[in-house]
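Before any comments, here is the structure.
Every heavy atom of this structure was used, including side-chain atoms; hydrogens, water molecules and symmetry mates were not.
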Amino acid sequence: MDTTRDVANKAESFFLVATTFGHHTLHHLFPTVDHSKLHFLYPVLEETCKEFGVEYKPLPQWNMFLGMHQQLMRTQPKANFLL
């Protein structure tokens, strides 16, 4: 959950889901589940996050795009990252 994010406005189009950041968190949690079925797991994801006090915060598409490139440009690890 710390290393992946979802887009705030989940795309209804399978093409957009498959070619953008659609269902990204669920894809990493359940990599063998077909992308066309992942949207059924959101209620379970949200309930489980609440149960364990984990914040599930989807971000706007633009933030996802910027964040990806900021991550690619980093040359130093984050200070709170433990090896």
Side-chain angles (χ1 to χ4, degrees):
M1 294 294 294
D2 287 339
T3 60
T4 186
R5 291 278 191 247
D6 280 328
V7 174
N9 297 328
K10 295 173 186 68
E12 296 297 323
S13 161
F14 179 71
F15 175 77
L16 289 175
V17 168
T19 59
T20 62
F21 295 99
H23 310 314
H24 200 202
T25 299
L26 288 171
H27 161 71
H28 283 276
L29 292 172
F30 303 100
T32 60
V33 174
D34 187 281
H35 260 70
S36 68
K37 307 298 182 216
L38 286 173
H39 68 279
F40 292 116
L41 297 173
Y42 278 107
V44 175
L45 172 66
E46 291 165 358
E47 182 180 325
T48 303
C49 286
K50 284 181 188 176
E51 181 181 344
F52 288 93
V54 175
E55 182 182 20
Y56 172 66
K57 184 180 176 185
L59 299 172
Q61 179 78 26
W62 182 245
N63 290 54
M64 298 286 285
F65 179 80
L66 289 176
M68 179 181 73
H69 286 86
Q70 289 170 338
Q71 180 71 5
L72 290 170
M73 292 186 317
R74 273 190 347 168
T75 58
Q76 299 293 318
K78 288 189 172 188
N80 62 354
F81 183 75
L82 301 176
L83 297 177

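Y56 is not listed as a side-chain neighbour of K50, based on a closest heavy-atom distance of 4.5 Å or more.
Linking ILVMFWY residues whenever their side-chain heavy atoms come closer than 4.5 Å, directly or via other members, leaves L26 and F40 in distinct clusters. Under the 4.5 Å side-chain heavy-atom criterion for Ile, Leu, Val, Met, Phe, Trp and Tyr, V54 and V44 are members of distinct hydrophobic clusters. L41 and F52 fall within a single hydrophobic cluster, where Ile, Leu, Val, Met, Phe, Trp and Tyr side chains are chained together by heavy-atom contacts under 4.5 Å.
Between H23 and H35, the shortest heavy-atom distance links the atoms CD2-O, 4.0 Å.
Taking the six-membered ring where tryptophan is involved, the planes of F65 and H69 are tilted, since the angle between them lies from 30° to 60°.
Considering CG of D34 and NE2 of H27, their distance stands at 11.5 Å, rounded to 0.5 Å. T25 OG1 to K57 NZ: the interatomic distance, rounded to the nearest 0.5 Å, is 13.5 Å.
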